[in-house]
Amino acid sequence: MKTSKEIRQMYIDFFVKHDHKVIDSSSLIPKDDPSLLWNNAGVTPIKKYFDGSVIPDSNRLVSYQKCLRTNDIESVGDDTHHTFFEMLGNFSIGDYFKKEAIEMSYELLTSKDYFNIDINKIYVTIYPDDEEAYSIWKSLGLSDDHIVRLEGNFWEIGEGPCGPDSEIFYDRGPEYDKDNIGIKLLKEEIENNRYVEIWNNVFSQYNSKEGLNREQYPELPKKNIDTGMGFERIVMVLQNKNSSYDTDLFMPIISEIEKLCNKTYDSSKEFRIIADHIRAIVFAISDGALFSNEGRGYVLRRLLRRAVRQGRKLGVNDTFMYKLVDIVVINMKYAYNNLDNNVEYIKSIVLKEEELFNKTLVSGEKRLNELMNNSSDKVISGEEVFKLYDTYGFPFELTNEILSENGYLVNKDEFDKYMDNQKNLARQARNNEYSMNIQNEELINFKDVSKFIGYTNDECDCKVIGMFKDNKLVSKCDDECYIMLSETPFYAEMGGQINDTGIIYNDDVKMNVLSVLSAPNKQHMHLVSIDGIINVGDSVKCKINVNRRRSIEKNHSATHLLHKALKEVIDGNIYQCGSRVDEYSLRFDFSYSKKITDEDIINVESKVNEYIKNNSDVIINEDSLENARKNNVTALFDEKYEDVVRIVNIGDYAELCGGTHVKNTSEIITFAIKSLENKGLNVYRIEATTDNNIENQLYEKIKTYNIEMIKLLEKSKKIIDSALKDGIELKLDIKIDNSKPKSYSDIIFNRDEVNNVRIKVNELENKYFDIKSKKALENIKYFEDKIVKNNDFDYLIMKIDNYDINVLKQIIDVLINKMNNGFIFIANIVNDNVNYISKSNNININSGELIKITSTRSKGNGGGSHSFGQGGGTDVSNLDILLEEISNVVIKLKK
């Protein structure tokens, strides 16, 4: 029996023999594709080759690609469905097509030198109109009853490359067809365990365009082959197992689960779900994902909590998932050697999440049981289910699963209102799985060589070798367009570094370079604005903006030093998620699961400046990608690097990079961090800058603090002036430091300084209020003298000027407490407006109603309760009349 390792290698060796270049698996986390949460198909990371935006080194490629999908999660645990899986794929980019693809798949599957599958066990489906595919399969020996025509065999997702496909199925026999339905299972596409899809050949030959019928689609200029073979399924077939979980891909994990729960695996779903989910979790965390409440983190959290619950069904109530990390790594590191570097880190992250879940699991299940016990119609509201998610960390799917097991339903429509964000992310991911851009034939076919000499030259003499306007190749232009040069010093935007700008000119024309992009065949495309006329073949001179380039180089080299410092100061497992470098500043994104303090960032900044002062030479050399990996050169290994890579060495730190850099760290002069931001999903972003940019960039960062400081000082002056008018003398004792910011410590100082001033201004305001209140209450007799007293009823209705409303409330509270059965109504005139306030402890007089009526007649509004009311208006012309009317109402009521 072949092992999974042998099967994987056999597949790769077969296509290498047929002149395919092996490309490494990309990370599960898509690069530069916000439409996807995960790489979910073998072709996803290389879509750029199919749409022509990038031309690969070889037109024949072979790979095994990590994939993750959760849209079939409810089926996980049956014989063939998984969340994490691998796709074996062979790809042709404008090289061989349908005949060769089918013949190679047939040879690999049936040859005795390879998979040696009985041809009688193979069935294929084809698009009904694809007579060519039918003829090829027939010529290979398949009979008509093994070829099924299906309308669904056409691969098309939006505009772009599309075409018919041919799926290959393995017949596991009638023992997997208990109802003896036979080939009807395939013809009617009935879900079944007998005919297992093991391979799909996609013949990408048309450009899908909106508004056209399928038969009107134009042919692609470069026809492509995209295939995918489910690795877990082919291993199941070749190892002759009842399910993919019974293969050597899963059984070592399942054996460990047996030890943990002291139970024997009997093909039970609990074992399978745990084994599947721990693989997904290990690979996702290794690629930089972390647990959270949204996006990828939400998916991981859902997988772990679903697996933990299966463990409880098996009697495992303590943390256990982290104990399975080692066996996953041991079982898979032969294919993914970076797993071995992250074992302890992955275990710590998984354990922390398990502990978090265990704290809430018991109370969450208790609450869910209460909801079920209290439900009369066996339907749980969406609001309650959301509360379970929000309070106890129960994903909807987990709650729904528990409810379904107990015969309960969820009001899903109601729940959807609270979880739209997660739904939209998942839907977007599914709808954009394979979408591609439309090929530009002229750009793809433009293969004239353009050499980048910008690592060593800032200017050069060269020739115009190509020109594109409105996506068309043109011979001359007097407007904005893209031009290609025989040589160029202009760096094209890539790897996070912004493009160069500058001028291209000769005696007859001047062109300003606006941006520079990399063309499919690796030429640099210069977007230029033209003063004059430029022709293909013209000789020109190029000059980059040198000062701008030097600033970019300082920031770029500082980015590498920042990466090194983060690993040294905070955590060696920090994983870079992206970067952006321009002439003003740098941005660095990284994943980290713990809190980062201001002190951490100050120490990181200090460490980078220490590196700069070491005056280390920046040495750049080239080596094979294989050697770079062996030497643990820092890299984003989900990038598609060339076989020969560029290594930037700064002191003892080495990192793969295609950008431009200083020659010695001393050129950076100094480094300052502007900000640290938590972007969510356990991703942090640091923004920083260097040298001459520091003062302006950091000043921009503290500008909001300065603006708030000015507002606070203006407020304090108003308080002091108002207090003086009331005969109260106040002072604000503060000192403002107006020094220019030079470091992250200065950013923190300005932030704290504003906070301190804010506190002192609030204290000043409170002091003013307290003194003013005290003075007002000392004059309480002024109000008491105006109370109308009767044997059983007292009331006060009066007009005053310019009282603070809060002070007035205190006065009224004191007065009403002295009345056993009384009523107070005061009109306070402030700047030609009137404020009304009233209190009553008389059962016959409603303060709120009187306030409402009076405020309305004063062109304002107000109201309140029986015992208290407050309001006001802008019209004081009839105030005396209104107060007299209130007096009359009160007099009548007291009688």
Item to check | Any donor-acceptor N or O pair under 3.5 Å, side chains Asn201, Thr227 | outcome: no

Item to check | NZ/NE/NH1/NH2 to OD/OE distance under 4.0 Å, Lys263 and Glu270 | outcome: no

Next on the checklist: For a side chain to side chain contact (heavy atoms under 4.5 Å, CB included) check, start with the C-alpha distance between Ile198 and Ile168, then their side-chain angles and the critical distance, and finish with the verdict.
Outcome noted: CA-CA 6 Å; Ile198 54 174; Ile168 305 173; 4.3 Å; yes

Checklist entry - Would you say Val282 and Met321 make side-chain contact, with heavy atoms under 4.5 Å? => result no

Checklist entry - Is there a side chain to side chain contact (heavy atoms under 4.5 Å, CB included) between Val350 and Tyr345 once you walk through the steps? => result CA-CA 9 Å; Val350 173; Tyr345 170 70; over 6 Å; no

Item to check | Residue pair Met104 / Phe14, side-chain heavy-atom distance below 4.5 Å | outcome: yes

Next on the checklist: Is it the case that atom NZ in Lys5 sees more than 12 heavy atoms from other parts of the structure closer than 6.0 Å?
Outcome noted: no

Item to check | Check: His20 ring centre within less than 6.0 Å of Phe91 ring centre | outcome: no

Checklist entry - Does Asn90 reach the main-chain N or O of Leu61 with its side chain, forming a donor-acceptor pair under 3.5 Å? => result no

Checklist outcome for this item: In short, ring-ring contact (aromatic ring centres under 6.0 Å, His included) pairs touching residues 300-343 with sequence neighbours left out are Tyr64-Tyr336, Phe283-Tyr336

Checklist outcome for this item: Only one of Lys241, Arg272, Arg233 passes salt bridge (charged side-chain N to carboxylate O under 4.0 Å, His left out) with Asp79, and that residue is Arg272

Next on the checklist: Is it the case that the side chains of Asp248 and Ser4 hold a donor-acceptor pair, with the cut-off being a distance below 3.5 Å and no angle test?
Outcome noted: yes

Next on the checklist: Does this structure show an ion pair linking Lys184 with Glu189, if we count only N-O contacts that are shorter than 4.0 Å?
Outcome noted: no

Item to check | Rounded distance [0.5 Å steps], CE in Met229 versus OH in Tyr11 | outcome: 6.0 Å

Item to check | Chi angles and distances behind the side-chain hydrogen bond (donor to acceptor under 3.5 Å, both in side chains) call for Trp137, Ser166 | outcome: CA-CA 10 Å; Trp137 282 117; Ser166 180; 3.0 Å; yes

Checklist entry - Do the non-hydrogen side-chain atoms of Leu109 and Tyr114 ever get within less than 4.5 Å of each other? => result no

Next on the checklist: Quick one, Tyr245 and Ser267 - any side-chain contact, counting heavy atoms below 4.5 Å?
Outcome noted: no

Checklist entry - Any salt bridge between Lys121 and Asp171, counting N to O under 4.0 Å? => result no

Next on the checklist: Looking only at side-chain N and O atoms, does Ser26 offer a donor or acceptor that is under 3.5 Å from a partner on Asn39?
Outcome noted: no

Next on the checklist: Under 3.5 Å, is there a donor on one side chain and an acceptor on the other for His277 and Arg306?
Outcome noted: yes

Item to check | Polar side-chain atom of Asn262 near backbone of Glu258 as donor-acceptor pair, under 3.5 Å | outcome: no

Checklist entry - Between Ser286 and Tyr575, what is the shortest heavy-atom contact and its length? => result O-CE1, 4.2 Å

Next on the checklist: Run Gln239 and Lys2 through side chain to side chain contact (heavy atoms under 4.5 Å, CB included) and show every step you take.
Outcome noted: CA-CA 7 Å; Gln239 292 185 357; Lys2 295 182 178 69; 5.8 Å; no

Next on the checklist: So Tyr106 and Ile119, do their side chains get closer than 4.5 Å, heavy atoms only?
Outcome noted: yes

Checklist entry - Are Lys347 and Asp326 within salt-bridge range, i.e. N to O under 4.0 Å? => result yes

Item to check | Glu256 with Lys259: basic N within carboxylate O range, under 4.0 Å | outcome: yes

Checklist entry - When the ring planes of Phe15 and Trp199 are compared, do they come out parallel, tilted or perpendicular, using 30° and 60° as the limits? => result perpendicular

Checklist entry - Is there a side-chain contact between Cys67 and Glu86, using heavy atoms and a 4.5 Å cut-off? => result no

Checklist entry - Is the number of heavy atoms from other residues, nucleotides or ligands under 6.0 Å of Lys313 NZ greater than 12? => result yes

Next on the checklist: As an exercise, state the distance from CE of Met87 to CG of Asn40, rounded to the nearest 0.5 Å.
Outcome noted: 10.5 Å

Next on the checklist: For the residue pair Arg8 and Phe231, would you count it as a cation-pi contact if the rule is NZ or CZ under 6.0 angstrom from the ring centre and within 45 degrees of the ring axis?
Outcome noted: yes

Checklist entry - Is a salt bridge present between Asp130 and Arg149, judged by a nitrogen-to-oxygen distance below 4.0 Å? => result no

Checklist entry - What's the verdict on side chain to side chain contact (heavy atoms under 4.5 Å, CB included) for Glu100 and Asp95, showing C-alpha distance, side-chain angles and the deciding distance? => result CA-CA 10 Å; Glu100 296 90 336; Asp95 190 356; over 6 Å; no

Item to check | From CA spacing to verdict: salt bridge (Lys or Arg N to Asp or Glu O under 4.0 Å), Glu354, Arg305 | outcome: CA-CA 8 Å; Glu354 279 192 271; Arg305 296 185 171 188; over 6 Å; no

Item to check | Minimal non-hydrogen separation, Gly152 against Asp165, with atom names | outcome: O-OD2, 4.4 Å

Checklist entry - Counting heavy atoms not belonging to Asp118, are there more than 12 under 6.0 Å from its CG? => result yes

Checklist entry - Given side chains that start at C-beta, do those of Thr70 and Leu68 come closer than 4.5 Å, heavy atoms only? => result yes

Checklist entry - Got a sec: does the NZ of Lys187 have more than 12 other heavy atoms crowding it under 6.0 Å? => result no

Next on the checklist: Between Thr44 and Ala41 (side chain of the first, backbone of the second, donor and acceptor by atom type, cut-off under 3.5 Å), is there such a pair?
Outcome noted: yes

Checklist entry - Below 6.0 angstrom between ring centroids: does that apply to Tyr123 and Tyr195? => result yes

Checklist entry - Do His82 and Phe250 have ring centres separated by under 6.0 Å? => result yes

Item to check | Donor-acceptor pair between Asp246 and Ser243 side chains, under 3.5 angstrom | outcome: yes

Item to check | Glu167 CD to Leu186 CG distance, which is reported to the nearest 0.5 Å | outcome: 9.0 Å

Checklist entry - Is there a side-chain contact between Thr110 and Asn116, using heavy atoms and a 4.5 Å cut-off? => result no

Item to check | Tyr176: which of Asn192, Asn193, Asn242 passes side-chain hydrogen bond (donor to acceptor under 3.5 Å, both in side chains) | outcome: Asn242

Checklist outcome for this item: Closest heavy-atom pair, Phe203 versus Ala133, reported as atoms and distance to 0.1 Å, is CE1-CB, 4.4 Å

Checklist entry - Okay, side chain of Thr3, backbone of Glu6: is any donor-acceptor separation there less than 3.5 Å? => result yes

Checklist entry - Taking 4.0 angstrom as the limit, do Glu232 and Arg279 come out as a salt bridge? => result yes

Checklist entry - Taking Thr83 for the side chain and Ala280 for the main chain, is one N or O donor matched with an acceptor at less than 3.5 Å? => result no

Checklist outcome for this item: CD1 of Ile234 to CG of Leu88, rounded to nearest 0.5 Å, is 8.5 Å

Checklist outcome for this item: In this structure, CD1 of Ile327 is separated from CE of Met251 (nearest 0.5 Å) by 11.5 Å

Item to check | Distance in Å, Ile181 CD1 paired with Ile190 CD1, rounded so as to fall on 0.5 Å steps | outcome: 5.0 Å

Next on the checklist: Check whether Lys21 reaches the backbone of Arg60 with its side chain - one donor and one acceptor, N or O, closer than 3.5 Å.
Outcome noted: no

Item to check | Check against side-chain hydrogen bond (donor to acceptor under 3.5 Å, both in side chains), Ser624 and Asn627 | outcome: CA-CA 5 Å; Ser624 69; Asn627 283 340; 3.2 Å; yes

